[in-house]
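What follows is a short report on a single structure.
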Amino acid sequence: TVTNVSYAINGGTASNSTPAGLSVSGNTLNINPSDANFSTLYENQSQVIDVNYRVQDSSGGYVTQTEKITINGTGVKPNIAPTVSYLQEYRTTEGADSVDLDLLRGAVDPDASGALRVTDLKYSLIGASGSTSSLAGFNLTPAGKVTINPKDPAFDSISSGSTRSILLSYLVSDGTSSTAQSQVVVITGTNDTPTVASPLTSSTTKGASAYTINLLEGASDVDLGDRLYVANATYKVDGTNISNTPAGVSMSGNQLTIN
C-alpha cells in the first residue's frame, strides 16, 4: 500500500495537504490538468510537483518512492493594465523655480510586463474648452516627469493673487495596456511691474492753444485686470526740480494739460 504521502511544489517545503488538481484514491494518484489551480500557467511556464511516499507491505516493511509531475502552461499570458492612484493637485507660484513633477507616482504594473511610461498627454485650462498636446512652461521628459517652469512668460499675465488651473490628462502605459490618469497644476500669480516705451516728449509755442498729453501712452501691464494710473508726479523746469505744479500745467488723472 501507499502511505505517508507528501507534496512539494516547485521545490518548496513538503506538505501532507493534497494540492488542488491532484487527488489520491488508494494507490492511484489522479491528476487533472484542467483544474483552476493551473489556469495561470502560460506558455514557457510550468509547475513541478514532487510526490514523496512509502510503498509498504503488510508486515510493515517499506521503501521510499517519488513521483515528479510537471504541468506545462499553454497560451499567451493576458496583460493586466497598470493601476493608478489619485494625485493631489500641485501648487506653485509664478516666478518660482522649475520643478519636475512625476506623473507616474502611485502607478503600478501588476504583472510587471513592461516599463511604465506616460503617453497621450494633453493640457487643458480648467474652465475653458479645448486641449493641446504642448503648453508653454511645461515639458514632458522620457522618464514620465513633466518639468514646470513658473518663470515662463506664459504665466506673466496671471495677476497677483489670481490662479490658473491646468489639467494634465494622460495614459499610463506598460506598452500593451493603458490606464487613464490626470494631474491638476495650479499656478498663483504675482504682480508684474508696468512697462513703458521711450520717454514722452512734447513741444509747443508760447501763445498756442492748450493741449493734452496722455501720460500712460506707451505704458502697459501684462497682468490681466490690472489698471494703470499715474502716481508720484514731479516736475523739473529748465533742469531744476520744483515742488509745485508749474504755471500753465495741470494734471487730471493720467491727462497732463499744457496751456
Side-chain angles (χ1 to χ4, degrees), residues 1-90 100-122 133 140-147 167-184:
T1 58
V2 172
T3 62
N4 297 83
V5 182
S6 64
Y7 308 86
I9 300 175
N10 292 334
T13 302
S15 170
N16 294 328
S17 299
T18 305
L22 275 64
S23 63
V24 176
S25 177
N27 298 330
T28 302
L29 178 66
N30 300 300
I31 304 161
N32 179 16
S34 297
D35 190 271
N37 181 53
F38 308 120
S39 63
T40 56
L41 292 176
Y42 298 99
E43 187 176 4
N44 299 321
Q45 295 180 324
S46 62
Q47 185 177 112
V48 177
I49 305 173
D50 290 307
V51 184
N52 302 291
Y53 58 96
R54 291 179 180 178
V55 177
Q56 187 168 320
D57 62 25
S58 58
S59 298
Y62 68 87
V63 63
T64 300
Q65 180 63 298
T66 62
E67 170 72 27
K68 184 182 293 290
I69 303 166
T70 301
I71 309 294
N72 294 308
T74 60
V76 178
K77 182 179 181 180
N79 182 265
I80 302 176
T83 61
V84 297
S85 58
Y86 171 74
L87 299 182
Q88 289 188 334
E89 66 181 20
Y90 176 79
D100 288 334
L101 189 61
D102 186 4
L103 299 183
L104 293 175
R105 66 190 190 281
V108 176
D109 186 10
D111 55 7
S113 58
L116 295 180
R117 60 182 182 273
V118 172
T119 65
D120 300 300
L121 175 61
K122 300 291 184 184
S133 58
L140 179 64
T141 71
K145 296 181 179 181
V146 64
T147 301
L167 175 65
L168 284 65
S169 304
Y170 56 96
L171 298 177
V172 176
S173 173
D174 62 9
T176 303
S177 301
S178 300
T179 302
Q181 179 62 307
S182 63
Q183 169 73 63
V184 174

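One is the number of the first residue; the rest follow in order along the sequence.
Shown here for Gln183 and Tyr90, the closest heavy-atom pair between the two residues is NE2-N, 3.5 Å. Minimum heavy-atom separation, Asp35 to Ala20: OD1-CB, 3.7 Å. Taking every heavy atom of both residues into account, Pro110 and Ala81 meet most closely at CD-O, 3.5 Å. Of all heavy-atom pairs spanning Val2 and Gly26, the tightest one is CB-O, 4.4 Å. Across Pro82 and Ser177, no two heavy atoms sit closer than the pair CD-O, 3.6 Å. Nearest heavy-atom pair across Asp102 and Gly144 is OD1-O, 3.7 Å.
If you take OG1 on Thr1 and CG on Asn27, they are separated by 6.5 Å, rounding to the nearest 0.5 Å. In this structure, OG in Ser46 is found 13.0 Å from CD1 in Ile69, a value given to the nearest 0.5 Å. A distance of 10.5 Å separates NZ of Lys122 from CG of Leu171, quoted to the nearest 0.5 Å. Atom CD1 of Ile31 and atom OG of Ser23 lie 9.0 Å apart (nearest 0.5 Å). From Leu116, atom CG reaches atom CG of Asp109 across 5.0 Å, with rounding to the nearest 0.5 Å. For the atom pair OG of Ser182 and CD of Glu89, the computed distance is 11.5 Å after rounding to the nearest 0.5 Å.
Residues Val24 and Tyr7 meet the side-chain proximity criterion, which asks for heavy atoms closer than 4.5 Å. The side-chain heavy atoms of Thr64 and Asn52, taken from C-beta on, include no pair separated by under 4.5 Å. Contact check for Asn37 versus Leu22: no side-chain heavy atoms found under the 4.5 Å cut-off. Using a 4.5 Å heavy-atom cutoff, the side chains of Gln65 and Val63 are not in contact. Side-chain contact check for Leu103 versus Leu140: some heavy-atom pair is nearer than 4.5 Å. Under the 4.5 Å side-chain criterion, counting only non-hydrogen atoms from C-beta, Asp111 is in contact with Asp174. Thr179 places none of its side-chain heavy atoms less than 4.5 Å from the side chain of Thr83.
In this structure, the side-chain contact (heavy atoms from CB on, under 4.5 Å) partners of Val48, at least two apart in sequence or on a different chain, are Asn10, Asp50, Lys68, Thr70.
Checked by atom type and distance alone, the side chain of Gln181 pairs as donor or acceptor with a backbone atom of Ser85 at under 3.5 Å. Under a 3.5 Å cut-off, the side chain of Ser15 and the backbone N or O of Ser17 do form a donor-acceptor pair.
Crowding of Tyr62 atom OH: a count of heavy atoms from other residues, nucleotides or ligands under 6.0 Å not exceeding 12.
For the residue pair Asp100 and Thr147, a side-chain donor N or O sits within less than 3.5 Å of a side-chain acceptor on the partner.
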